[in-house]
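Written out below as structure tokens is the structure these notes cover.
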Amino acid sequence: MRNIEHCAPTLASGLLIVKLLFKAPVTMPTREQMETVMQKNLGDAECFSYDSDTAVAQFAATRLIRT
């Protein structure tokens, strides 16, 4: 087993694109609601693009992880 306690944390980031697919039309969550959920699950996340007409939201996420 490898001891990683001495390893410095590194930052990993990712780009998330959310496309909601439903058979029938639904109301898309607000930008703030989606950003709150992403931050709760991913840590630091920012919604940089939101379009309720096409039901697409794009997020940039940065999370502190250990390698």
Side-chain angles (χ1 to χ4, degrees):
M1 182 180 273
R2 185 175 162 217
N3 181 356
I4 62 168
E5 291 301 317
H6 66 282
C7 296
T10 58
L11 290 177
S13 60
L15 178 64
L16 303 166
I17 300 172
V18 178
K19 175 76 173 166
L20 303 177
L21 303 173
F22 295 97
K23 289 183 178 183
V26 298
T27 303
M28 183 169 170
T30 66
R31 179 185 197 131
E32 292 77 19
Q33 290 171 320
M34 293 182 79
E35 199 166 55
T36 299
V37 170
M38 289 295 195
Q39 288 173 351
K40 180 180 176 184
N41 291 288
L42 300 175
D44 184 27
E46 178 187 354
C47 181
F48 64 87
S49 176
Y50 176 89
D51 185 352
S52 60
D53 293 332
T54 59
V56 175
Q58 298 178 36
F59 294 84
T62 303
R63 186 174 181 182
L64 187 67
I65 62 170
R66 289 195 178 270
T67 57

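Only this structure's heavy atoms are used, side chains among them; waters, hydrogens and symmetry mates stay out. Keep in mind that this is a model prediction, so the values were computed, not measured.
- Checked against side chain to side chain contact (heavy atoms under 4.5 Å, CB included), Thr54 has the following partners two or more places apart in sequence or in another chain: Asp51, Val56.
- Between the Glu35 side chain and the Glu46 main chain, no donor and acceptor come within less than 3.5 Å of each other.
- Closest of all the heavy-atom pairs between Met34 and Tyr50 is SD-CE1, 4.0 Å.
- Scanning both residues, Phe59 and Cys47, for their nearest heavy atoms gives CE2-CB, 3.5 Å.
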What donor-acceptor contacts under 3.5 angstrom involve side-chain atoms of residues 20-30, with partners at least two apart or in another chain?
{"unit_1": "Thr30", "atom_1": "OG1", "unit_2": "Gln33", "atom_2": "N", "d": "3.1"}
{"unit_1": "Thr30", "atom_1": "OG1", "unit_2": "Gln33", "atom_2": "OE1", "d": "3.3"}

